[in-house]
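None of these values were measured; they are calculated from a predicted model.
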Number of protein chains: 2
Amino acid sequence: MITFIVRGETKSKMSNLADRMEEYLKKLLTLSPSGYIDIKRKELANKFLCVPSQINYVLGTRFTLDKGYLVESKRGGRGYVRIKKLQLSVENLLSTFLKDIAAGGISDERARGIIQRLYELKYISLRESRLMETVLSCLKAVEDSSFRDELRGLLLRDMLLLLIKF
Amino acid sequence: MITFIVRGETKSKMSNLADRMEEYLKKLLTLSPSGYIDIKRKELANKFLCVPSQINYVLGTRFTLDKGYLVESKRGGRGYVRIKKLQLSVENLLSTFLKDIAAGGISDERARGIIQRLYELKYISLRESRLMETVLSCLKAVEDSSFRDELRGLLLRDMLLLLIKF
DNA sequence: ATTATAAAGGTCAGTAATGGTCAAAGTCTA
DNA sequence: TAGACTTTGACCATTACTGACCTTTATAAT
């Protein structure tokens, strides 16, 4: 295979920075017993000789929820970026729900159906399901129906995301 | 990497000064039968190798009233800083909260404080507290600030009433 | 008593250390 | 060569930490 040098690194013709970084991070993940890794954005950028925001690009295109990853971070001194690999079953289950929601809001019935499903599958407790249903009920107070649907989608998405983090 | 648990989250052991100091002080509090601890600002600063004002930063960000702590101090000779963990009953918590709502909504900070304390009092689980906090965060999407406060009050009231009923 | 001094603790603005966003420019590929 | 993918950099947001300067209090000196 023909290779060439870019910024000091040997690079195969078919791989760019983003791909190499993806590979590197996934390698680290497989080596991590905890199921997640913590990185420093700037350090990684230095290692790969790129700007820090490139990290965000890689995270945003390769480590998405749809692909089974969860990314959390903290700014400020001693900040970090944490990349977590989700269990496959949870990933599959939720990604369809989340896609639905992303497609611009969700109806009350559909939302309740999802909650019910999750409860039946034992991903959430009875109390948790009731809590979420209560939230849905409160949305009656929102007059604007299209905004209500949007807010409902937003709420359900964030609540589900939160619950799968645990 | 060695980790420890804070409110259900794993944190890297070598986190920042503020986090370590927070841990230390909370540990002392749990070991104190009286429910409060007295410290010397300068001594603590020496122990953690930082400037005294760092103590104030930690107190101001981690030991707030909203989070259920009361900080008193005295200057001058024989001065001290006293940190007290508040022990509020659910009844007190709810009654003051309901008064707040009657007065037209509730602030985000106040709402989070209530949730935090209910968790500490073991009336709600960690997941439930997180779920509610997520709901609060989603309210950012509501433009009208007075309606937002109102909706927040409504949501929190219904959620709490539900959880306490169970 | 009055005053001076030393021994606390408090404030705040500035700096450093992180991470995030977005649009523009560059590169590849069908 | 158009469209998709990649890369960059300017600007933003958040959190942590420091140090100079200020206030309060106890107590020793007068």
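On a pure distance criterion of 3.5 Å, a polar donor-acceptor pair joins the side chain of B:Arg75 and the base of D:dT23.
Summarising the local packing, CZ of B:Arg82 is surrounded by more than 12 heavy atoms from other residues, nucleotides or ligands at distances under 6.0 Å. Residue-environment remark: NZ (B:Lys85) exceeds the threshold of 12 foreign heavy atoms within 6.0 Å.
Of the candidate nucleotides C:dG20, C:dG10, D:dT8, C:dG10 has the atom nearest to the side chain of B:Val81. Listed nucleotides: D:dA16, C:dT21, D:dC5. Nearest to the side chain of A:Tyr57: D:dC5.
For the pair A:Asn16 CG and C:dT29 C1', the interatomic distance rounds to 13 Å; values are reported in whole Å. What separates CD of B:Glu72 from P of D:dT25 is a distance of 14 Å, to the nearest Å. Atom CZ in A:Arg62 sits about 8 Å away from atom C1' in D:dT6, given to the nearest Å. Atom CD of B:Gln54 and atom C1' of C:dC12 are 14 Å apart (whole Å). Here the P atom of nucleotide D:dT7 and the CE atom of A:Met21 are 8 Å apart, to the nearest Å. What separates CG of B:Leu17 from C1' of C:dA16 is a distance of 14 Å, to the nearest Å. As a whole-Å value, the separation of B:Tyr80 OH from D:dA26 P is 10 Å. Taking atom CZ of residue A:Arg78 and atom C1' of nucleotide C:dA17, one finds them 10 Å apart after rounding to whole Å.
Put simply, B:Lys74 has a side-chain N or O that comes within less than 4.0 Å of OP1 or OP2 on D:dA26. For C:dG10, the OP1/OP2 oxygens have a side-chain nitrogen or oxygen of B:Ser73 closer than 4.0 Å.
The residue among A:Thr61 and A:Val51 whose nearest nucleotide of DNA chain D lies closer to the 5′ end is A:Thr61.
As judged by a 4.0 angstrom heavy-atom cut-off over every strand, B:Ile39 is placed among residues touching the sugar-phosphate backbone only. Using a 4.0 Å heavy-atom criterion, one finds that A:Ser53 contacts the bases of the nucleic acid, with or without backbone contacts as well. B:Gly77 comes within contact range of at least one nucleobase, with a heavy-atom separation under 4.0 Å.
Checked by atom type and distance alone, the side chain of B:Glu128 pairs as donor or acceptor with a backbone atom of B:Ser125 at under 3.5 Å.
A 4.5 Å side-chain heavy-atom check between B:Thr64 and B:Tyr69 finds every atom pair outside the cut-off. Taking 4.5 Å as the limit, some side-chain heavy atom of A:Ile39 sits within range of a side-chain heavy atom of A:Leu25.
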